[in-house]
Amino acid sequence: MTGIDRPDTPHLDVPRTDAVPPTDGRCRVEVDESSAVVRLTGVLDPAAAETIRDALLARLCDRPGPVVADVTGLRVDEPPGRGVFAQIRREVADWPAADLLLCDPAVSGPGRADTALAGVPAWPTLDGALAALAATPLAAVLTVELTPTVEAARQARELVATGCRRWGMPTLTEPAQIAVTEMVNNVVAHARTLMSVRLAPQDSTLQLAVRDHSAHRPAFAGLSPPTRAGGRGLLLIDTVARRWGTSMVPDGKVVWCVLHPDDEADALG
């Protein structure tokens with residue numbers, strides 16, 4: 001099923017949480033399924049950093065929109081673990097409708113990033129972080145869940161056409177359809193798992209991602225015959241996209257790309 005998905009930030013009177021057991025006995029992750037909040041408690045050290053990274057990336061995969069990491073109950077003991085939040089934010093910078101914010105009582109003012117966890121916008125209270133999230137204009141997001149069948153690429157192209165038409169990006173329709181065809185066909189041919197296709201506008205660019213449940217990174221294996229529909233490799237994505245890459249997540253991967261209308265204008269010129 002396709003549709004516009006604008007994440008909300010419901011009130012947290014009775015949070016429903018799924019706790020991720022700590023791998024080292026020192027850090028705990030609780031995901032609030034009713035909101036954008038992920039609560040982190042315990043000690044952030046290098047061992048816990050990987051647990052936190054996996055949990056936040058998994059949440060960002062599952063829920064379009066920014067995520068707020070509440071680090072009120074998290075103690076940072078060792079400098080090597082401090083950069084995990086900035087690393088995550090850089091990792092998802094080109095994903096459709098994804099970002100990471102912090103609730104950190106150590107900040108001196110709203111939106112500041114002057115804590116030990118620098119590099120991520122932070123607010124001293126959870127209410128402040130959620131208010132900032134609610135006040136941030138969000139672009140529409142289109143998503144679709146697909147099975148690994150021959151029809152999947154066609155459905156993904158239809159979603160791209162709908163998005164480009166709705167967001168006034170006609171010049172990006174064809175290149176985005178080329179990119180999504182290769183992404184989806186790669187899942188059908190190699191990963192053979194369920195997949196999620198997500199796209200969203202960001203300023204004048206189009207961000208596109210396909211998430212599957214295989215740990216195998218996509219690899220360019222040579223060009224297919226020109227008469228074959230799809231399957232012509234990642235070279236086509238590299239040709240039509242300004243940037244693209246693969247993010248490994250706990251239960252698979254996200255293949256993403258960013259398309260810019262100026263690139264199409266240059267190609268036509």
Side-chain angles (χ1 to χ4, degrees), residues 1-7 31 33 53-65 67 88 91-98 139-164 166-167 172-202 205-221 224 228-241 243-259:
M1 179 175 67
T2 64
I4 296 290
D5 184 359
R6 178 183 173 120
V31 177
E33 295 293 346
R53 176 192 178 276
D54 285 351
L56 290 175
L57 286 180
R59 186 58 173 152
L60 284 158
C61 279
D62 294 341
R63 182 185 187 279
V67 165
I88 293 168
E91 182 76 30
V92 304
D94 288 320
W95 290 15
V141 181
L142 282 173
T143 64
V144 66
E145 306 294 323
L146 299 175
T147 55
T149 66
V150 293
E151 291 296 312
R154 178 186 60 78
Q155 293 173 281
R157 288 193 294 271
E158 290 175 353
L159 186 76
V160 165
T162 298
C164 288
R166 190 166 296 173
W167 302 323
L172 293 181
T173 302
E174 183 177 355
Q177 287 182 324
I178 291 172
V180 81
T181 296
E182 296 308 316
M183 291 176 174
V184 168
N185 281 345
N186 193 69
V187 177
V188 173
H190 303 291
R192 301 185 181 93
T193 71
L194 297 175
M195 71 190 92
S196 301
V197 179
R198 184 183 301 172
L199 60 149
Q202 175 62 42
T205 68
L206 180 67
Q207 295 176 320
L208 173 65
V210 176
R211 186 258 205 274
D212 65 45
H213 300 274
S214 168
H216 296 291
R217 286 181 178 272
F220 175 58
S224 296
R228 179 179 174 185
R232 284 165 288 181
L234 298 175
L235 180 63
L236 280 178
I237 301 175
D238 187 65
T239 300
V240 300
R243 296 185 301 279
W244 72 277
T246 303
S247 301
M248 304 309 297
V249 297
D251 181 26
K253 63 181 175 292
V254 176
V255 181
W256 55 266
C257 68
V258 179
L259 298 102

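Predicted, not measured: the structure shown is a model, and the values here were computed from it. We count residues from 1, following the sequence as given.
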- Test log, rule side chain to side chain contact (heavy atoms under 4.5 Å, CB included), inputs L206 and V258: CA-CA 6 Å; L206 180 67; V258 179; over 6 Å; no

Please check: side-chain N/O of [X] versus main-chain N/O of [Y], any donor-acceptor pairing under 3.5 Å?
X: Q207; Y: A200; answer: no
X: K253; Y: H216; answer: yes
X: R198; Y: C61; answer: yes

Can you measure from [atom1] ([X]) to [atom2] ([Y]) and round to the nearest 0.5 angstrom?
X: L194; Y: D212; atom1: CG; atom2: CG; answer: 10.0 Å
X: E145; Y: Q155; atom1: CD; atom2: CD; answer: 11.5 Å
X: L56; Y: I88; atom1: CG; atom2: CD1; answer: 4.5 Å
X: R157; Y: E174; atom1: CZ; atom2: CD; answer: 11.5 Å

Those residues that, when tested against [X], pass side chain to side chain donor-acceptor pair (under 3.5 Å) (two or more places apart):
X: D94; value: R243
X: R154; value: E151, E158
X: R59; value: E33
X: E91; value: S247

To check you understand the geometry: which heavy-atom pair defines the closest contact between [X] and [Y], and what is its length?
X: A156; Y: L146; answer: CB-CD1, 4.2 Å
X: M195; Y: V188; answer: CE-CG2, 4.1 Å
X: T173; Y: A161; answer: CG2-CA, 4.2 Å
X: L60; Y: G65; answer: CD2-O, 3.8 Å
X: N185; Y: A153; answer: OD1-CB, 3.5 Å

- Task: With sequence neighbours left out, write down each residue that passes side-chain contact (heavy atoms from CB on, under 4.5 Å) with D238, or none if nothing qualifies.
- Result: W244

- Applying side-chain contact (heavy atoms from CB on, under 4.5 Å), name anything that partners T162, two or more places apart in sequence or on another chain. L142, R165, R166

State, with a plain yes or no, whether a side-chain heavy atom of [X] is found less than 4.5 Å away from one of [Y].
X: V254; Y: V210; answer: no
X: I237; Y: L235; answer: no
X: V197; Y: T143; answer: no
X: Q177; Y: C164; answer: no
X: V180; Y: L208; answer: yes
X: W256; Y: L199; answer: no
X: V255; Y: N186; answer: no
X: D251; Y: R211; answer: yes

- Message: Checking S214 against R192: is there a side-chain donor and acceptor pair closer than 3.5 Å?
- Response: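 Judged by distance alone, the side chains do not pair up.
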
